[in-house]
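Reading through the structure tokens given below for one structure.
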Amino acid sequence: MCGATLPCICASNAAGFSNSIPGDNLMIASAINSLTFLNLALKHGILIKDGRTLELLNQVDTLVFDKTGTLTQEQPEVGEIYTFEQYNANEVLAFAAVAERYQSHPIAKAIIAKADELHLSEFIDIKHADYKIGFGLSVHVNEKLIRVGSLRFMDLCTVDIPQEVAKIQKHSQTAGHSLVFVAVDKQLIGVIELHPSIRPEAKALIHELRQKNIKSTYIISGDHHTPTASLAETLGIDYYFAEVSPDRKAEIVEKLQKEGKIVCFIGDGINDA
């Protein structure tokens, strides 16, 4: 009745009418309070689905963070480039940049940015691109099949892997770096090392959240165990899941929920949503 009456009477009479019904008064105040907080959040660039979401946040006892773009800067930096066969570092980077040219994920951006910095990128018409989420990308360039992705992707495509790769992989994982493998047809031609950069505010934020009834924290990452474990230790995060494909993130959250945890998942990508 109140909702239908307020537009039809003046403000002072509406206030009097509302105050005459204590129960409805509390309901209206609660709704206005929620709307106020939703509006304040929106002004800070935070879109909240509804008031119930705000109420549920107070019950959260477990935080699950996506790694890349959330705890670390969205875009890593290209480090060492290891080469095989007759190819040099610039050629490996150029092939990778051409293959990734139309991709928008952070690894692609890092590779393209480095190639642009060295003036290696040229527009080449790419045909028959095939992207396997969580593994890698295959494209046809000048009658060559270029593959860019993880070691798992190279194994899946039966690419020949030189023995030196095991040593490179061990060194990079110990240092907390990620590797992107580049192959031409069935031959691995190079490995691009990527260096993550932790967000400067991440460690302080984790510490502050621990003071707010958060009992456990997790990282979910597609990276290998060593760099993920290193990041968890640096930030003071309790547990981590490494080498997780994007489609398994929801499974992990569901598993934690079945254990009785009230989970808040924090990520930045469309697959996180």
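Residues: numbered from 1 along the sequence shown. Just so it is clear, the structure is predicted and the values come from calculations on it, not from any experiment.
For E208, the salt bridge (Lys or Arg N to Asp or Glu O under 4.0 Å) criterion is met by no residue, not counting sequence neighbours. Annotation: side chain to side chain contact (heavy atoms under 4.5 Å, CB included) contacts of A166 (sequence neighbours excluded): none. Considering only residues two or more places apart in sequence or on other chains, E201 meets the side chain to side chain donor-acceptor pair (under 3.5 Å) condition with none of them. Residues meeting the side chain to side chain contact (heavy atoms under 4.5 Å, CB included) test with K186, sequence neighbours left out: R147, T158. With sequence neighbours excluded, no residue forms a side chain to side chain contact (heavy atoms under 4.5 Å, CB included) with Q86. Taking T217 as the reference, R210, D238 meet the side chain to side chain donor-acceptor pair (under 3.5 Å) condition, with sequence neighbours excluded. Among residues two or more places apart in sequence or in another chain, the salt bridge (Lys or Arg N to Asp or Glu O under 4.0 Å) test is passed with K258 by E254. Remark: E251 engages no residue in a side chain to side chain donor-acceptor pair (under 3.5 Å) (not counting sequence neighbours). In this structure, S197 has no side chain to side chain donor-acceptor pair (under 3.5 Å) partners at least two apart in sequence or on a different chain. Not counting sequence neighbours, K215 has no partner by the salt bridge (Lys or Arg N to Asp or Glu O under 4.0 Å) test. In this structure, the side chain to side chain contact (heavy atoms under 4.5 Å, CB included) partners of E164, at least two apart in sequence or on a different chain, are F84, P162. Partners of Y218 under the ring-ring contact (aromatic ring centres under 6.0 Å, His included) rule, at least two apart in sequence or in another chain, are Y239, F241.
Put simply, the side chain of I192 does not reach to within 4.5 Å of the side chain of F181, judged on heavy atoms. A heavy-atom distance below 4.5 Å is not found between the side chains of F65 and F265. Between L137 and V139, the closest side-chain pair of non-hydrogen atoms falls below 4.5 Å. Contact annotation: the side chain of V191 never approaches that of V180 to less than 4.5 Å [non-hydrogen atoms, C-beta and beyond]. Using a 4.5 Å heavy-atom threshold, the side chains of I161 and D155 count as touching. Using a 4.5 Å heavy-atom cutoff, the side chains of H171 and Y82 are in contact.
Ion pairing between K144 and D185 fails under the 4.0 Å rule for side-chain N and carboxylate O. Salt-bridge annotation for D116 and K109: absent, with no side-chain N of the basic residue lying under 4.0 Å from a carboxylate O of the acidic one.
With a 6.0 Å radius and a threshold of 12 heavy atoms from other residues, nucleotides or ligands, E77 has its CD atom at or below the threshold. At most 12 non-hydrogen atoms from other residues, nucleotides or ligands lie less than 6.0 angstrom from CG of N58.
Separating the CG atom in L156 from the OG atom in S150 is a distance of 8.5 Å, to the nearest 0.5 Å. Remark: S172 OG to L179 CG distance equals 4.0 Å, nearest 0.5 Å. Rounding to the nearest 0.5 Å places NZ of K114 at 7.5 Å from CD1 of I81. Residue L57 holds its CG atom at 11.0 Å from CZ of R52, rounded to the nearest 0.5 Å. To the nearest 0.5 Å, atom CD1 of residue I237 and atom NZ of residue K67 are 11.0 Å apart. We find the OH-NE2 distance between Y240 and H225 to be 6.0 Å, quoted to the nearest 0.5 Å.
No hydrogens or angles considered: nothing links the side chains of H177 and E80 as a donor-acceptor pair under 3.5 Å. A donor-acceptor contact closer than 3.5 angstrom links the side chains of E193 and H195.
Contact detail for S138 and L145: the closest heavy-atom pair is CB-CD1, 4.2 Å. Closest approach of Q73 to P200, counting heavy atoms only: NE2-CD, 3.7 Å. The two residues M154 and G149 come nearest to each other via the heavy atoms CE-N, 3.8 Å. When all heavy atoms are compared, the tightest approach of A113 to Q75 is CB-NE2, 3.8 Å. Closest heavy-atom contact between G267 and D66: CA-CB, 3.8 Å. Taking every heavy atom of both residues into account, A41 and I48 meet most closely at CB-CD1, 3.7 Å.
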TODO: Show your working on side-chain contact (heavy atoms from CB on, under 4.5 Å) between V263 and V60 and close with a plain yes or no.
DONE: CA-CA 6 Å; V263 180; V60 170; over 6 Å; no

TODO: Please step through side-chain contact (heavy atoms from CB on, under 4.5 Å) for the pair D160 and L188, ending with a clear verdict.
DONE: CA-CA 6 Å; D160 295 329; L188 188 74; over 6 Å; no

Task: Intermediate values then yes/no, side-chain contact (heavy atoms from CB on, under 4.5 Å), S221 and V244 - done: CA-CA 6 Å; S221 174; V244 177; over 6 Å; no

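Linking Ile, Leu, Val, Met, Phe, Trp and Tyr whenever their side-chain heavy atoms come within less than 4.5 Å puts L235 and I266 in one cluster. There is a path of hydrophobic side-chain contacts, each under 4.5 Å, that joins L71 to I198. Cluster annotation: L209 and I219 are assigned to the same hydrophobic cluster (Ile/Leu/Val/Met/Phe/Trp/Tyr, side-chain heavy-atom contacts under 4.5 Å, transitive). Under a hydrophobic clustering in which Ile, Leu, Val, Met, Phe, Trp and Tyr are joined whenever their side-chain heavy atoms come within less than 4.5 Å, directly or via other members, I189 and L118 fall into the same cluster. Put simply, L231 and L205 are part of the same group of oily side chains (I, L, V, M, F, W, Y) that touch within less than 4.5 Å, one to the next.
Proximity of a side-chain donor or acceptor of D61 to a complementary backbone N or O of K261 within less than 3.5 Å is not detected. Counting only distance, with no hydrogens or angles, the side chain of Q211 and the backbone of H207 share a donor-acceptor pair below 3.5 Å. No side-chain donor-acceptor contact under 3.5 Å links H119 to the backbone of A115. In this structure a side-chain-to-backbone donor-acceptor pair under 3.5 Å is present from E91 to N88. With hydrogens and angles ignored, the 3.5 Å screen pairs no side-chain donor or acceptor of H140 with any backbone N or O of E143. Between the side chain of R199 and the main chain of T70, a donor-acceptor pair closer than 3.5 Å is present.
Partner of L93 under the side chain to side chain contact (heavy atoms under 4.5 Å, CB included) criterion, out of V182, L120, I112: L120 alone.
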